[in-house]
4 protein chains.
Amino acid sequence: MSYFKNVSKIQFEGAGSDNPLAFKHYNENEVVFGKTMKEHLRFAVAYWHTLTMNGSDPFGQGNMIRPWETVSGLDLAKARVEVNFEFIEKLGAPYYCFHDVDVAPEGATLKESNENLDVIVAKLKEGMQSTGVKLLWNTANMFSNPRYVHGAATTSNADVFAYAAAQVKKGLETAVELGAENYVFWGGREGYESLLNTDMGLELDNLARFFNMAVDYAKEIGFTGQFLIEPKPKEPSKHQYDFDAATTIAFLQKYGLDKHFKLNLEANHATLAGHTFEHELRVARVNNMLGSIDANQGDMLLGWDTDEFPTDLYSVALAMYEILENGGIGHGGVNFDAKVRRTSFEPEDLFYAHIAGMDTFAKGLKVAAKMKEDKFFDNLIADRYASFTSGIGADIVSGKANFKTLEAYALQHSEIHNKSNHIELVKARLNEYLFGGK
Amino acid sequence: MSYFKNVSKIQFEGAGSDNPLAFKHYNENEVVFGKTMKEHLRFAVAYWHTLTMNGSDPFGQGNMIRPWETVSGLDLAKARVEVNFEFIEKLGAPYYCFHDVDVAPEGATLKESNENLDVIVAKLKEGMQSTGVKLLWNTANMFSNPRYVHGAATTSNADVFAYAAAQVKKGLETAVELGAENYVFWGGREGYESLLNTDMGLELDNLARFFNMAVDYAKEIGFTGQFLIEPKPKEPSKHQYDFDAATTIAFLQKYGLDKHFKLNLEANHATLAGHTFEHELRVARVNNMLGSIDANQGDMLLGWDTDEFPTDLYSVALAMYEILENGGIGHGGVNFDAKVRRTSFEPEDLFYAHIAGMDTFAKGLKVAAKMKEDKFFDNLIADRYASFTSGIGADIVSGKANFKTLEAYALQHSEIHNKSNHIELVKARLNEYLFGGK
Amino acid sequence: MSYFKNVSKIQFEGAGSDNPLAFKHYNENEVVFGKTMKEHLRFAVAYWHTLTMNGSDPFGQGNMIRPWETVSGLDLAKARVEVNFEFIEKLGAPYYCFHDVDVAPEGATLKESNENLDVIVAKLKEGMQSTGVKLLWNTANMFSNPRYVHGAATTSNADVFAYAAAQVKKGLETAVELGAENYVFWGGREGYESLLNTDMGLELDNLARFFNMAVDYAKEIGFTGQFLIEPKPKEPSKHQYDFDAATTIAFLQKYGLDKHFKLNLEANHATLAGHTFEHELRVARVNNMLGSIDANQGDMLLGWDTDEFPTDLYSVALAMYEILENGGIGHGGVNFDAKVRRTSFEPEDLFYAHIAGMDTFAKGLKVAAKMKEDKFFDNLIADRYASFTSGIGADIVSGKANFKTLEAYALQHSEIHNKSNHIELVKARLNEYLFGGK
Amino acid sequence: MSYFKNVSKIQFEGAGSDNPLAFKHYNENEVVFGKTMKEHLRFAVAYWHTLTMNGSDPFGQGNMIRPWETVSGLDLAKARVEVNFEFIEKLGAPYYCFHDVDVAPEGATLKESNENLDVIVAKLKEGMQSTGVKLLWNTANMFSNPRYVHGAATTSNADVFAYAAAQVKKGLETAVELGAENYVFWGGREGYESLLNTDMGLELDNLARFFNMAVDYAKEIGFTGQFLIEPKPKEPSKHQYDFDAATTIAFLQKYGLDKHFKLNLEANHATLAGHTFEHELRVARVNNMLGSIDANQGDMLLGWDTDEFPTDLYSVALAMYEILENGGIGHGGVNFDAKVRRTSFEPEDLFYAHIAGMDTFAKGLKVAAKMKEDKFFDNLIADRYASFTSGIGADIVSGKANFKTLEAYALQHSEIHNKSNHIELVKARLNEYLFGGK
């Protein structure tokens, strides 16, 4: 049975094409900077936005037209599995990602929820085997159910902590069963509404305890994928503990967890925290913590997580530049944590939107690769910091210098000559890579 | 005497060029959408950012290297006039803009200030005649001097109102003398620090009185240029009265001034007010109030007026699209109200930065022209609103319908069929115009 | 039958009380500045936040404990009417407000929806008669149903415009039936997602046509209440046409509608638009457009409409000061467009939250009244602008002055003497009114 | 000689006083929560805002009336020392703080700058001895001079690093000479303008090298004060490395510097980073890193560092609550990093502003002390987290539990009972502490 009868496998037709159901830039087997696009980008489809997002917002009801949503419960869950694999195969993405509650309905008890999950995981496994689609990562949704109203690992209610532990235990078992390459934590309710009633010290200690238990259990069951934490500053929480990359790194360092975790960074979360996406990637990179990305974009004039499909070539090209500098995304991938706008409510919009995002990333990859190949920015940086490669600069870097030797030097060299950064020229050159003749 | 010895007239070399002192996209005589680029864009150089901006910021001293700044007072003012025309000629911009205090030093008295201005205006006139460079607009700086600490036309001190009136009177005479095509008001201190000590009603009435006097005096002395108001929401004021396009229009309507004024819209002011630049242009356009633009860009993660040179092609292309939709910018132009970053402190950076801005606008113009020629968006809009061209929709537009006829219709047609906007497809198409094959 | 068995009528117990179910400041019959608190404040309970808000957010399911939610459809709607009046009577608020879909379920057709409404409106009328509670305003929800995905009066689909017209027609009839003192328009979907597919000119013309039809129909059926527009800048729309007070006034002026409408201003909408609440009230006041208020507060570090109960005394006292300056709120009132936090999910929280808001407004009223009685700020303003009451200042205000007379004056008075505003002293004095000995 | 002839020593007159030059709440010897107000608050006057801030802003010239500014160079520097001590003595603050360039003019060479500093430091020492005023902290200004355009410890120019080292060396010697209780680093230019030309890894490594050299040199010369880092997210930099408390802690941990440094937290920097002030204090507190505070406030609707005097009692009371929870501010203090508004330009405004800030902190201290004494919030928190003190909760905290034992427990306890946080009641109670009967 086909759920998207009017859509065939999406083909690469190149930049001139007017076909809305074709790639203009993503050509999966094209080799760029030493690897195929497919290997570089490792695209993943997000189950929640593609299969279960219904278009509702705080002021409006669900409005998405999804013709297969005629049944409910486990039957609907099974139908969605079929839709998922048909969609991904036609799109041509190698991976997908999900939360437990995206794929299987919660039962009346934990036991029943787990049983539902077992049914669906078996069906997912079957779909993966028949299509070759792989699981980039899975995660446990510990923020939607009312039980998590005060948090999961940082809850004020020990029973909830236990429930959350059981849920992640099952999640890790699912990860093993489906061969997930990563396991993600996003702590949507791990934060606070008011400091007045919050014991931040205990909550953070408990969060670390929770992560340590996860690490232990993963070892026990042989899960060898990468653990990832996804920072976000706020929403739904007033303040979320994993505010941004640096804050999450501080937490991991404090509790000695930094060797077990990397970061899953999202563009829209970056901007909500007051950073560019490339900033977050850079911070992770210089700390050797870049794990994976959630590809989307926000609206810089809106203060909430709009999760738009990524189409801003500036942001995407600079993100890909960081990823190339990082030597690639490793076990991670480019997961479209993005939803079609509420005004794009027809099934075909799912394809249009993913194509828009994949083409933007493909173009961004090519731009970043050209920037790397030309070494324009590499050379610019080498020149800029050249004074640290010899003389007093080399002494500083090697640890030979101290305040007394530096003062002696400075007394002899107190007239300083700096060079202009020509920043507008740099931005013009970036434009040439993006839009011009480079 | 030459102030930029290492720079010749900037030439168009096309997109492949590596020459930092050449245009890659701006080819002034190239015809696009029925006019030359020069006629479309009407570029202007801002005297303040080019000649007098010294690189200081709230945490740092001036640092710009400007070799001609060896004298002071009127001598410096005269030298700057020469630099100005050499710079503009080499750049190839047809216009410039200035505040009174940019060009001539303030004297100890109003009389002395006016005399200084007379000396410099004569020299400017001479420069204009010998180079063919024209004055897009001039304005009076009524925000820097301590006398304007509580505002100018909205001051709490009647003596200050009188002084401001005298300053604008002189400004209008200058505009006539130099053939300015517009006269601009930007009310940096017209607003409030605290509502607790502010009589907003009186202040706004006085502002209207001031504008009416300006209109009267312009008529009296035969100034036929366009009056423009430049909205900005805040900075230096906590709240500025001309917050954005809509607020300024409300004010002009209330006081019957809307027929005498249009708007000078700035990109960075738009974003500080919570709008895109194209939004402000659209609001002005549908109100027939689009007068001119201040071309620059802000940093969406910084909350102050960074006045960066415009290099974001998305924003510039959409701005040019609004201008083409408007039938052009009329008597206005594209004035670079933009300053080089503090880290770009060498004289050549002035050229690099203007070239970056002009190339971005040239590319943006070509993109917008192609979008107009293809009618892709025109057709999309025509389709989208087609229901208002016949039947009940036509009755609504023509005024035939009322709540009773509409209810009767709705009772018969209560099942609604909307169409998806396919917004991600629309954004992908925009990308193709910007960086793809369109 | 009682739905809040553990709660009796809330009593005033004064500032020392530890009783969470008692007023500390709101003493309805206490006379302040010439009227009782009840007359000044005209509190209203919002039906949507009190009866139908279930605690869901974009990342979480509904979690509110509402013991009466055991039935569905019209039966639930009827139960909620009973809960509503019991709640309001126990709270001691004189008014309530609702959207059509809050009180009655939508039917399969417009006709059925109207019939449902008729049933519930009859029951509401009965409740109002038996309790004496009055309707401050009603409105039509034209943003939640999928039919309004592209807007209501500004839709791209003429059938939707017709449907919206029918819905407001019924709303006006309901207003007459229940004696509503105002009728409100909030255009949650009247705006745009993207300018690229939006005909802003047509949409705004249609919006004006819609309002004119409403004015005509109100006249026809004898509705004599005040029409109100509630500005909001964004959310759910990317950009909402009624961005803020000034933008809405511009629109009303342009289409000659300003004599028929006033503004319903909300604190959280003000801050989302970049303004303080008191700013919006002041703008409305100086334009004679202050109609009513939606009392709540946002979180200045969150970018969405949090609709928190108002507890910030600074903001509330300054809002009440504007209202006293306005000669009162007129036919409007203080409507709690505020919802309990998701973590406050027990039924009693509805009382705690309203008491918090009412006490804050009562205290704010007393503070504002004292400020008015002392004339501290009145005197400060009179002093500050004294120069406009005689001499050149009086000439400016009376229209006698012009640029030539002002220049002549300024040439004689070019040394300016301004006075400090002592703004920190002013803020310290405000603190004394709020927290100190005043 | 007296510089403030019209001002006598500021006296405590209590809440009823109308005297603008008297304290209403700050009564230095009043004992609150076990210590005098003076001991709790350890107020410091900031030299830069009080002595050298001239009222200029990016759009306006200096306008402050400072009658003693009649000389220049070292003479002016000496006069300011006298003004400083007269001001502080009359105000009654125990401490002051300064940057090197605030107190002594920079010379043509490093040597000359150091000599100027020697002259003034001697005079400061004399003033401190004669008045008993102490130095809370000093610091080196490494952001205003053009040499620091690309950063100081994170510069791209090794000569600049050396110069900065020499400057801090002198700063530490000054700290020893004057008995400073802390030494502060604020890295205004330690960040980036563009990632495209920035080697973030090298820059951060160099920053750590710089701090290590400072620690070594302090040890060598016997400086025993506390090192403090002051986080700020941006301005003047586009992005500053010490973005907020958590980011700074991550950096210190990574380089093993956390044992040598604590944080100096500023209210306005907190809000620019998207946090409340109390959040930053809490984060520092739970990491044992709370060192000192810069007392001021921002404007939540303005996106730059407004450095207003602190008058918001909500923020100040919650900050004092964190400080009491921390067991006090230790060697730190409450430094007024705050400037009078540009419209408050008379000398007396310096007193009015400091009095406003000191009274707000005194009131805030009393409110926080009452909150602590009543244990209202302590009890609320103890109740809320009680489930972690026994049973499964205690097992979690003690490390006995793991995912398997927790799953077993959860399978038996899968129906969760959470309690409401009653957050509106909590906020109402806070209001009673602030302005009600508590």
Side-chain angles (χ1 to χ4, degrees), chain A residues 109-111 147 149-150 156-163 165-166 169 193-197 199-202 204 209 213 216-217 233 239 243 246-247 249-250 253-254 274 278-279 282 286 377 380-381 384-385 387-388 392-393 396 402-403 406-407 409-411 413-414 416 418 421 423 426 430, chain D residues 109-111 147 149-150 156-163 165-166 169 193-197 199-202 204 209 213 216-217 233 239 243 246-247 249-250 253-254 274 278-279 282 286 377 380-381 384-385 387-388 392-393 396 402-403 406-407 409-411 413-414 416 418 421 423 426 430:
Chain A
T109 61
L110 173 57
K111 182 163 173 293
R147 83 174 65 88
V149 65
H150 300 316
S156 51
N157 180 349
D159 284 8
V160 173
F161 186 104
Y163 198 104
K169 177 173 175 290
E193 171 73 27
S194 165
L195 282 174
L196 286 171
N197 65 4
D199 185 341
M200 189 189 278
L202 174 64
L204 289 173
R209 289 175 183 122
M213 292 182 201
D216 290 345
Y217 190 67
H239 180 92
F243 191 83
T247 305
I249 291 170
Q253 286 172 347
K254 179 178 177 183
E278 57 269 25
H279 168 87
R282 178 73 64 96
V286 302
F377 295 102
L380 185 150
I381 284 179
R384 216 186 143 209
Y385 295 92
S387 67
F388 285 99
I392 192 73
I396 291 165
N402 61 42
F403 272 11
L406 291 170
E407 185 191 53
Y409 179 90
L411 285 166
H413 301 81
S414 83
I416 299 291
N418 282 308
N421 280 351
I423 196 74
V426 171
L430 176 65
Chain D
T109 61
L110 173 58
K111 182 163 174 291
R147 83 175 65 89
V149 64
H150 300 317
S156 51
N157 180 348
D159 284 6
V160 173
F161 186 103
Y163 198 105
K169 177 173 176 289
E193 172 72 25
S194 165
L195 282 175
L196 286 171
N197 65 4
D199 185 341
M200 190 190 278
L202 174 64
L204 290 172
R209 289 175 184 122
M213 292 181 201
D216 289 347
Y217 190 68
H239 180 91
F243 191 82
T247 304
I249 290 170
Q253 286 172 345
K254 179 179 177 183
E278 57 269 25
H279 169 86
R282 178 73 64 96
V286 302
F377 296 103
L380 185 150
I381 284 178
R384 215 187 145 212
Y385 296 92
S387 67
F388 286 99
I392 192 74
I396 290 165
N402 62 41
F403 271 11
L406 290 170
E407 185 191 53
Y409 178 90
L411 286 166
H413 301 80
S414 83
I416 299 292
N418 282 309
N421 279 351
I423 196 74
V426 171
L430 176 65

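This one's a predicted model, so the numbers in the text were calculated from it and none came from an experiment. Within every chain, numbering begins at 1; the chains are lettered A, B, ... in the order of the sequence lines, protein sequences first and strands thereafter.
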(message) What part of N421(D) gets within 4.5 angstrom of chain A, counting heavy atoms only: side chain, backbone, both, or neither?
(response)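 The answer is both parts of N421(D).
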(message) Please classify the contact between Y217(D) and chain A as side chain, backbone, both or neither, with a heavy-atom cut-off of under 4.5 Å.
(response)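 For Y217(D), the side chain is the part near chain A, not the backbone.
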Is [X] in contact with chain D via its backbone, its side chain, both, or neither, using a 4.5 Å heavy-atom distance?
{"X": "I423(A)", "result": "side chain"}
{"X": "D199(A)", "result": "both"}
{"X": "R147(A)", "result": "both"}
{"X": "I416(A)", "result": "side chain"}
{"X": "E193(A)", "result": "side chain"}

(request) Applying side chain to side chain donor-acceptor pair (under 3.5 Å), name anything that partners D159(D), two or more places apart in sequence or on another chain. (result)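 Here the qualifying residues are Y409(A).
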Sort out for me which of [options] touches chain A most, counting heavy-atom pairs under 4.5 Å.
{"options": "D216(D), L411(D), I392(D)", "value": "L411(D)"}
{"options": "E407(D), R384(D), E278(D)", "value": "R384(D)"}
{"options": "V160(D), L195(D), N402(D)", "value": "L195(D)"}
{"options": "A246(D), A166(D), G201(D), S414(D)", "value": "S414(D)"}

Closest heavy-atom pair and its distance - [X], [Y]:
{"X": "A158(A)", "Y": "I396(D)", "result": "O-CD1, 4.0 Å"}
{"X": "K169(A)", "Y": "F403(D)", "result": "CD-O, 3.5 Å"}
{"X": "A410(A)", "Y": "A162(D)", "result": "CB-O, 3.8 Å"}
{"X": "K254(A)", "Y": "V286(D)", "result": "NZ-O, 3.3 Å"}
{"X": "L196(D)", "Y": "L380(A)", "result": "O-CD2, 4.4 Å"}

(message) Could you measure the distance from the CZ atom of F388(A) to the CG atom of N157(D)? Nearest 0.5 Å is fine.
(response) 7.0 Å
(message) Once rounded to the nearest 0.5 Å, what's the spacing between atom NE2 of H279(D) and atom CZ of F243(A)?
(response) 7.0 Å
Report the option among [options] that has the most heavy-atom pairs separated by less than 4.5 Å from atoms of chain D.
{"options": "I249(A), L202(A), L430(A)", "answer": "L202(A)"}
{"options": "T109(A), V426(A), V149(A), I381(A)", "answer": "I381(A)"}
{"options": "K111(A), M200(A), H413(A)", "answer": "M200(A)"}
{"options": "L204(A), N197(A), L406(A), T247(A)", "answer": "N197(A)"}

(request) Find out whether N418(A) and H150(D) are in side-chain contact, i.e. whether some heavy atom of one side chain is under 4.5 Å from a heavy atom of the other. (result)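 A side-chain contact exists here, since the closest heavy-atom pair is under 4.5 Å.
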